[in-house]
Asker: 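If you scroll down you'll find the structure; I have some questions about it.
Both ligands and their constituent atoms are indexed starting at 1 by order of listing. Not measured: the values here are computed from a predicted model.
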Amino acid sequence: MLWYPYEQMKTMNVPYHIVDAKGVYLYTDDQKMIDSVSSWWSVIHGYNHPVLNQAIDDQLKHFAHVMLGGLTHDPALRLAEKLKTYLPGDLNYSFFSDSGSVAVEVALKMALQYYMNRNETQRTMVLSLENGYHGDTFKTMEVGDDADYHFVLKAFGPNPHVVHIPTTVAALEEAFDTYHDRLNCCLVEPLLQGAGGMRMYDISFLKRARELCDKYDVLLLFDEIATGFGRTGHRFVSDLVQPDILMLGKALTGGYIGHAVTVANQKVFDGFYDDNPEHAFMHGPTFMGNALACSVALKSIELFENEHYMDKIQRIAEITRREMENFTDSRIEDVRMMGGCVCIEVKDAKTLEGYQQFAYDRGVFARPFLKYLYAMVPYVITEEELVKVLTTMKAWFKTH
Ligand SMILES: *Cc1c(COP(=O)(O)O)cnc(C)c1O
């Protein structure tokens, strides 16, 4: 029996049974619906894309997977080279893994070992954000801050190695004042906190974080697993403020195959590069650098560049702004927009009960959670389709 994610198996609604998917559409036996959440924000080119399908077919003629232990291959080498030129500054060293959570684990382990390699053993702490989400593995739950996902951690009591702060410069400065000599890194979802409630904050916070990290020699880590590839309206937030370690996942393979990457800059890489074997980075997921995943990721980036996806995202942002302008309802707390993302936060989660079926009946798949009704559409969506997604969201408040 299939055990579903984030669900009480006893009381959950029957999930929609998908039999086909193409472009922005998911098909059940009796309905065709626009996927307004892009399969957890990953399917940026839509489903069943001929160019991405071809990339996988071509690689399959050679091999699906070869491990990177003692071996190497073109798809992994080429993706690492591509990321080196594609990502800003000296974010040049790609460590692959099979999921976003693991990419964050890798980043946190790298940051800790960076200082251990220098015998700065007191730097055991991580500074991260309230309402942050970095995955569902144990360390990522610790650095995350969302009781709805992580309440199981209560079993262990307060964690002395993690500090959570709100996204204000004052809180940031205070945390650095107090903890700077014990911190190994500051980890954030830059500009847009996704699973913690589609919360948006200002770039000035990140600029100040960069300054303070430089001042106190703390590593700055950006989890761009959700924000990467244009979701905030910037290609990467790392184009605006450069972290020492960057994590990408979700849209990395265009939503085709679970894969992620932790990218280190020169400074971090140099912290491991010497003659001492104990200074090696001791990590190696079985499927890291999977050849199918790397091949499809390369094609996904090529599409993103050649077909001017930043312009598509700009258009999505404009249409969204136009459609949501002046939309209010007494039950709504806030309407937030950023790049290819819109979120309606309601005052009471009950307001959204029944929305999923309402949207399904109108040909839209949505997955509101808690007090948040949001859309993160595939970038290939047409204006008409996007308007339909947004109109459906507004119609719920008009008719209920
Ligand atoms: C989804 C997500 C992760 C976890 O990625 P998985 O591939 O689900 O393990 C980590 N960080 C952020 C910001 C995410 O949105």
Asker: List, pair by pair, the atoms of ligand 1 and of the protein that are both N or O and lie under 3.5 Å apart, giving the separation rounded to 0.1 Å.
Answerer:
from, atom 1, to, atom 2, distance (Å)
ligand 1, 5 (O), Ser101, N, 3.4
ligand 1, 7 (O), Gly100, N, 2.8
ligand 1, 9 (O), Gly100, N, 3.4
ligand 1, 9 (O), Ser101, N, 2.7
ligand 1, 9 (O), Ser101, OG, 2.6
ligand 1, 11 (N), Asp223, OD1, 3.4
ligand 1, 11 (N), Asp223, OD2, 2.7
ligand 1, 15 (O), Lys250, NZ, 2.6

Asker: Taking atom CE of Met337 and atom CZ of Arg321, what is their separation to the nearest 0.5 Å?
Answerer: 5.0 Å

Asker: Do the side chains of Ser38 and Arg231 get nearer than 4.5 Å, heavy atoms only?
Answerer: yes

Asker: Are any of the side-chain nitrogens in Lys350 or Asp348 under 4.0 Å away from the carboxylate oxygens of its partner?
Answerer: no

Asker: Indicate whether the side chain of Tyr16 and that of Gln357 have a donor and an acceptor atom separated by less than 3.5 Å.
Answerer: yes

Asker: Just by distance, do the side chain of Asn184 and the backbone of Arg123 share a donor-acceptor pair under 3.5 Å?
Answerer: yes

Asker: Charged N to carboxylate O under 4.0 angstrom, Glu81 versus Arg78?
Answerer: no

